[in-house]
Chemist: 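The structure is given below, and queries will be raised subsequently.
Whatever order the structure lists them in is the order used to number ligands and atoms, beginning at 1. FYI, the numbering just counts along the sequence from 1.
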Amino acid sequence: MTHEVVRQTLPLLDEGDGRDLYYLPDLPEEDPYAAGHRTCAGCGPAIQYRWVLKAAGQDTVVAGPTGCMYVANSTYLCTPYTVPWAHTPIASGGSFTSGMAAGYEAMIRKGRYPGPYPNILVMAGDGSAADIGIGSISGALYRNHDALFVCYDNECYANTGIQTSPTTPYAGMTTFTPYGKAIPEGKKLPPKNLAKMMAEGHPHCYVATTTVGYPVDLINKTRKGLNHVGAAFLHCYTPCQKGWVYQTSMTVELGRRVVESGLWPVWEYDPAERTYSYFHPPVQRPVTDYLAMQGRFGHMLPEHVARVQAGANRNWELIGMDVPQALRDLEDPARHQRLHDEEYSMPVNRGIGA
Ligand SMILES: Cc1ncc(C[n+]2csc(CCOP(=O)(O)OP(=O)(O)O)c2C)c(N)n1
Ligand code: SF4
Ligand SMILES: [Mg+2]
């Protein structure tokens, strides 16, 4: 006898007219990612893990390919998870999760597991999701296994000592992209556009981007990805305090500024309509307001900063927003100084909708 596979539906939080994207709602009390792990203070990936798992709830199973969030979170016989969790090799997050998803489906159909079908999640770093493990994740998306694949993007291979990854931004200094006389900008290559690759390459999947600066957005996109029957991919910007060199308390602020400076478009891809919807932030800033907060960019020269501003301005156009003349003017290197001499606006108490 074949049993029906019953799926869960997680409720979405009210986003109001969009302004409420900024303020912290009443989060679910349950915390499947409990306190007591060993990530650095202010670790963006740890914030993302906590919110994603709060959004998913207790009927969830998680896989984690090798990276900071495996190493810092688990020591022998000890993890912060109150839900089943497995570590996978760095290349195998997609294949492991495919197996879990297919296994649960089969067990429920055969009556060997009572159901409902659990929330199946894998949270992989950018080194895993955009580089070493991209093949296995692409395979899982292509085969449309019912699971959510999250890339927590700290824009480097953090766990092995902050090496460059495909998502490290242009001019981002890492231990493998030091700046010097020969290469003054540090990293020369532009970052890989992972989320667009995933959406364009797997058009039947739910795909979205978000940051740790927008908790309601992060929680809702997690839930939409889990509610979607089939494969889903979420790309989340997660600052790494150790690798990026910034004030510990600024993690969430960076998660907003990267969007407000046009460097991280926040969007959602709807596989039914095959359309993208872009979030239009109410504030548009010069990229220096973002770059100057981080030591990894301190070596940048005026021409490097101007180049990043030009890229941000193209992003504004891409998401359908006007580029203010003041930001267009900043495409001129003559308008800049060395980044370590640059002033940036200090964070204000944003309040609701600020
Ligand atoms: C096949 C393979 N190559 C290299 C490593 C070494 N390694 C362990 S963690 C890690 C960094 C992973 O980076 P990322 O996925 O971005 O996660 P993060 O450390 O930034 O959290 C690397 C390269 C490995 N475990 N397996
Ligand atoms: S090195 Fe970065 S990603 Fe790793 S635990 Fe520290 S802050 Fe988090
Ligand atoms: Mg990483």
Side-chain angles (χ1 to χ4, degrees), residues 33-53 62-75 78-81 85-97 121-138 149-169 172-177 187 189 191-195 197-198 209-213 233-255 258 264 293-296:
Y33 179 68
H37 50 79
R38 298 179 308 159
T39 64
C40 308
C43 171
I47 295 172
Q48 185 231 264
Y49 259 56
R50 185 161 182 234
W51 286 346
V52 165
L53 283 169
V62 190
T66 317
C68 264
M69 298 310 285
Y70 150 66
V71 179
N73 282 329
S74 53
T75 44
C78 172
T79 80
Y81 303 105
W85 172 84
H87 166 234
T88 83
I90 194 167
S92 314
S95 41
F96 183 94
T97 310
L121 262 173
V122 59
M123 291 195 266
D126 46 296
S128 173
D131 205 8
I132 303 177
I134 191 170
S136 79
I137 295 183
S138 172
F149 300 80
V150 182
C151 172
Y152 70 87
D153 192 352
N154 55 11
E155 301 183 342
C156 61
Y157 281 93
N159 186 243
T160 35
I162 322 294
Q163 290 89 18
T164 187
S165 88
T167 60
T168 305
M173 192 180 71
T174 67
T175 49
F176 279 9
T177 53
K187 179 166 173 175
L189 296 171
K192 190 183 277 189
N193 194 339
L194 178 66
M197 278 176 74
M198 293 311 199
T209 66
T210 188
T211 86
V212 292
F233 184 82
L234 182 59
H235 191 191
C236 184
Y237 166 96
T238 55
C240 167
Q241 190 272 338
K242 179 181 163 197
W244 300 8
V245 192
Y246 61 86
Q247 288 177 45
T248 307
S249 58
M250 292 295 127
T251 304
V252 169
E253 179 71 22
L254 283 171
V258 73
W264 184 276
M293 290 175 77
Q294 303 166 63
R296 65 175 170 156

Chemist: Which pair of non-hydrogen atoms, one from S128 and one from A124, has the smallest distance, and what is that distance?
Modeler: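 That closest heavy-atom pairing would be OG-CB, 3.7 Å.
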Chemist: Taking the side chain as everything from C-beta on, heavy atoms only, tell me whether N159 gets closer than 4.5 Å to Y70.
Modeler: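 No. Closest side-chain heavy atoms not under 4.5 Å.
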Chemist: Has S92 got a side-chain atom pairing as donor or acceptor with S95's backbone, closer than 3.5 angstrom?
Modeler: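 Not confirmed, S92 side chain does not pair with S95 backbone.
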Chemist: What protein heavy atom lies closest to atom 22 (C) of ligand 1? Include the residue and the distance to one decimal.
Modeler: T160 CG2, 3.5 Å
Chemist: Determine, using ring centers only, whether Y49 and W85 are less than 6.0 Å apart.
Modeler: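 Centroid separation for W85 and Y49: 6.0 Å or greater.
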Chemist: Tell me the contacting part of A91 for ligand 1: side chain, backbone, both, or neither, using a 4.0 Å heavy-atom threshold, strictly below.
Modeler: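 For A91, no heavy atom sits under 4.0 Å from ligand 1.
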Chemist: What atoms in ligand 2 come closer than 4.0 Å to a heavy atom of Q241?
Modeler: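 Answer, ordered by atom number: 7 (S).
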Chemist: Could you check atom 3 (N) of ligand 1 against the protein and tell me its nearest heavy-atom contact, residue, atom and distance included?
Modeler: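 Ranked first by proximity to atom 3 (N) of ligand 1 is I132 CD1, 4.0 Å.
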Chemist: Any chance you could measure D153, atom CG, to T211, atom OG1, to the nearest 0.5 Å?
Modeler: 11.5 Å
Chemist: Could you list which atoms of ligand 1 come closer than 4.0 Å to a heavy atom of G125?
Modeler: 14 (P), 15 (O), 16 (O), 17 (O)
Chemist: Could you identify the single nearest non-hydrogen protein atom to atom 23 (C) of ligand 1 and state the distance to 0.1 Å?
Modeler: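 The answer is Y157 CD2, 3.5 Å.
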Chemist: List the atom of C156, the atom of I162, and the distance in Å for their closest heavy-atom pair.
Modeler: SG-CG2, 4.0 Å
Chemist: Does atom NZ (K242) have a neighbourhood of more than 12 heavy atoms from anything else shown, all under 6.0 Å?
Modeler: no
Chemist: What heavy-atom pair brings M69 and Y81 nearest, and what distance separates the two atoms?
Modeler: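 Residues M69 and Y81, closest heavy atoms: O-OH, 3.8 Å.
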Chemist: Tell me: protein heavy atom nearest atom 16 (O) of ligand 1, and distance?
Modeler: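 Protein heavy atom with the smallest distance to atom 16 (O) of ligand 1: G127 N, 2.8 Å.
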Chemist: Would you find a donor on one side and an acceptor on the other, under 3.5 Å apart, between the side chain of T177 and the backbone of G172?
Modeler: yes
Chemist: Look at atom 15 (O) of ligand 1 and say which protein heavy atom is nearest, naming residue and atom and giving the distance to 0.1 Å.
Modeler: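 Going by distance alone, atom 15 (O) of ligand 1 is nearest to S128 N, 3.0 Å.
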Chemist: State the CD-OG1 distance between Q48 and T251, to the nearest 0.5 angstrom.
Modeler: 13.0 Å
Chemist: Checking the side chain of S136 only, and the main-chain atoms of G94 only, is there a donor and an acceptor separated by less than 3.5 Å?
Modeler: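 A pair under 3.5 Å: yes.
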Chemist: Report the part of N159 in contact with ligand 1, treating N, CA, C, O as backbone and CB onward as side chain, heavy atoms under 4.0 Å; options are side chain, backbone, both, neither.
Modeler: both
Chemist: Check each heavy atom of D126 against ligand 1 and say whether those closer than 4.0 Å belong to the side chain, the backbone, both or neither.
Modeler: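 The answer is both.
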Chemist: When you measure from atom 17 (O) of ligand 1 to every protein heavy atom, which one gives the shortest distance, and what is it?
Modeler: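 The closest heavy atom on the protein side is Y152 OH, 3.5 Å.
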Chemist: Tell me which protein heavy atom sits closest to atom 26 (N) of ligand 1, plus the residue, atom name and distance to 0.1 Å.
Modeler: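 Nearest protein contact, heavy atoms only, for atom 26 (N) of ligand 1 is I90 CG2, 3.2 Å.
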Chemist: May I ask you to test the T168-Y157 pair for a side-chain heavy-atom distance under 4.5 Å?
Modeler: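 When only atoms from C-beta onward are counted, Y157 and T168 do not touch, as no gap falls below 4.5 Å.
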Chemist: Which atoms of the protein, restricted to N, O or S, are nearer than 2.8 Å to atom 4 (Fe) of ligand 2?
Modeler: C68 SG
Chemist: Tell me whether G67 has any N or O atom under 3.5 angstrom from an N or O of ligand 1.
Modeler: no
Chemist: Does the T248 side chain pair with the main chain of G42, one donor and one acceptor, at a distance under 3.5 Å?
Modeler: no
Chemist: Just to confirm my output: which protein heavy-atom neighbour is closest to atom 25 (N) of ligand 1, and how far is it?
Modeler: T66 CG2, 3.8 Å
Chemist: Below 4.0 angstrom from a heavy atom of N154, which ligand 1 atoms are there? Numbered from 1 as shown, please.
Modeler: 18 (P), 20 (O), 21 (O)
